[in-house]
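Below is one structure, written out as structure tokens; comments come after it.
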Amino acid sequence: MNDTKQLPDRRSAHDRNGAATTAPPRGPARVRRRPASSQWAAWAFLAPVTLYLALFYAYPLYRNLDLSLRDYTVRSFVEGDAPFIGLANYQKVFDDPTFAPALLHTVVFTAVCLVFQYAIGLALAVFFHQHFRLSTTLRALFLVPWLLPLIVSASTWSWMFNSDSGIVNAALHAVGVGPVNWLTSPDWSLTSVIIANIWIGVPFNLVVLHSGLQSVPGSLYEAAALDGANAWQRFWRITFPLLRPVSAITLLLGLVYTLKVFDIIWIMTKGGPADSSTTFATWSYQLGFGNLLPAFGPGAAVGNLLVVAALVFGLVYVRAQRKQALS
Amino acid sequence: MNRSTSRSWWKTAVGLLLTGVMLFPVYWMVNVSFTRDQDMRKSPPDLFPAHGTLAGYRTVLDEQLPYLATSLVVALGTVVLTVALAAPAGYALAKLRPRGGGVLSFLLLAAQMVPGIIMAMGFYAIYLQLGLLQTVPGLIVADSTLAVPFAVLIFTAFMSGIPGELLQAAQMDGARALRTFWSIVLPMSRNAVVTVSLFAFLWSWSDFVFANTLVNGGAHEPITLGVYHYIGNNNQEWNAIMATAVVASLPAAVILVLAQRYVAAGVTTGAVKD
């Protein structure tokens, strides 16, 4: 049975150090055959969460799918008699002039954010992995951007990017560069939200990669140092390859989270000006809630495309994690 | 000896510099919150609040207290709901190993991949029918979806580490599953309860998407909407906006100072943020 196999795998991933030695001896018979009463007890404990998943994840997802297949107006939304129109909403979305730019922006936003968050996070993780005075405290402070409410980060960056009175343009002026209309020019709006989002994502990468570094055995570095390897070689020949599984999971998780970034873009630019920073996430919201006359159907359709993308990468993540747990 | 200490000081200096660069936006938020109206549009802007004013904070106290109270109620409600749902589930997945438990764990992982705006649209449609729009309980339930799957995974990971002998001993003494859970597993899982509560509180406190779709315009709006309305209504009084932002960040600051290790543990045990 597939499901009886998965559970021990997951366990071994989490309690590799410690619990595996203290757990009771588990014969194969024990794992397979639990008494029926214990099965009942287990599902009694799981019942609330199962019901919860069905009501608050599965049902909203189903409603969203249903929305995307019907022709909704505000009236029919309330009365619930919207006609079924099949895939017409999806057709409408694909034909929309916003589709191509939104797809491009989603890909660029996700790719650029991922690369910079990972590279900066890794560099900082390697730096803070060294022992020096205050290293632990400073590393903890790096968590601040990640812990702040997104509305706070987004409004702070909005003010910093303000064309007339923002600190960014003041700094540029000081080095002789003219003012940039960060948020109000179509050429720069996407760059601005990317910068803000990189700033928010670096701490997550730093913390996860730092914990990955701690599992790299120090003896390897000593041996390499004896062989005369310099710091650069030690990084590329030891740290980076050994970190690969952790890197893969960090990047995959980052991918899934970056795909659905909404708050930052919406608060800073609302996807504008002229759709220049629109991604699938903001476009979906714009269609569903952003106008006086909401287009729930097409909004849900765009959202469902996003769900599919997130779930595909999510599946890759689950597979990667299980593989790592087995190895 | 001498050489290594001097090298370590050099690293501390670089570390301080990097932290300073990273935290500059946070400093800037605080700086602007103390800046006088007439200095706000100065070019170049003042790097320190030389003529500091508390006007921004006075505005916060005058206008934002109801928002803060709502946020507090919603966040605490989310914490209670999340722990109540996730702790028993974690126990069952870690210790009782039911058939189908693997499928459930998988569904919990997948649930975390669903974009928040999709959930918001689904919730909007459902709440419209149930009459739950613009209600505090409705927002608590919606916000709990940010934390519940993550919380189950944390509890499962943590409770797997509780020695099986302890639970078996309890069973020998005649304790049923519920009693074992309540008087042994839950007390031993205090660290996991703290970690889960911190994240549930923080995510619910920070939530913007659900607030903006489900309770916008209602009688009880959280502080994230307080900030958002400010930005929308006036883009002149940035000291008041930033003062509100500083106040809205306080839980994050407090949590970081008091519970730094729980945060780090949470992030690395499978942390998730959207």
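Naming convention: chains lettered A, B, ... in sequence-line order (proteins, then strands); numbering from 1 in each chain. Side chains are part of it too, since the values below use all heavy atoms of this structure and drop only hydrogens, waters and symmetry mates.
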Is it the side chain or the backbone of [X] that comes within 4.5 Å of chain A heavy atoms, both, or neither?
X	answer
B/Met22	both
B/Phe181	side chain
B/Tyr91	side chain
B/Ile255	neither
B/Leu16	both
B/Leu202	side chain

With sequence neighbours left out, write down each residue that passes salt bridge (Lys or Arg N to Asp or Glu O under 4.0 Å) with A/Arg70, or none if nothing qualifies.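 By the salt bridge (Lys or Arg N to Asp or Glu O under 4.0 Å) rule, A/Arg70 matches A/Asp66.
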Side-chain donor/acceptor of [X] to backbone N/O of [Y], under 3.5 Å:
X	Y	value
B/Ser8	A/Phe132	no
A/Trp159	B/Val32	no
A/Tyr57	B/Ala110	no

With a 4.5 angstrom heavy-atom cut-off, is it the side chain or the backbone of [X] that approaches chain B, or both, or neither?
X	value
A/Val256	side chain
A/Phe127	side chain
A/Leu51	neither
A/Leu141	both
A/Ser135	neither

### Query
Quick one: side-chain hydrogen bond (donor to acceptor under 3.5 Å, both in side chains) pairs with a partner in residues 241-252 of chain B, sequence neighbours left out?
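The answer is none; no pair qualifies.
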Practice item. Check whether the side chains of B/Asn212 and A/Tyr285 place a donor and an acceptor atom closer than 3.5 Å, and report yes or no. Key: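 The criterion, which ignores hydrogens and geometry beyond distance, is satisfied for A/Tyr285 and B/Asn212.
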- Under 3.5 Å, is there a donor-acceptor pair between the A/Gln39 and B/Arg97 side chains?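 Note: A/Gln39 and B/Arg97 side chains miss the donor-acceptor criterion.
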Could you check if a side-chain atom of A/Leu306 sits within less than 4.5 angstrom of a side-chain atom of B/Ile117, using non-hydrogen atoms only?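 With C-beta onward as the side chain, the pair touches.
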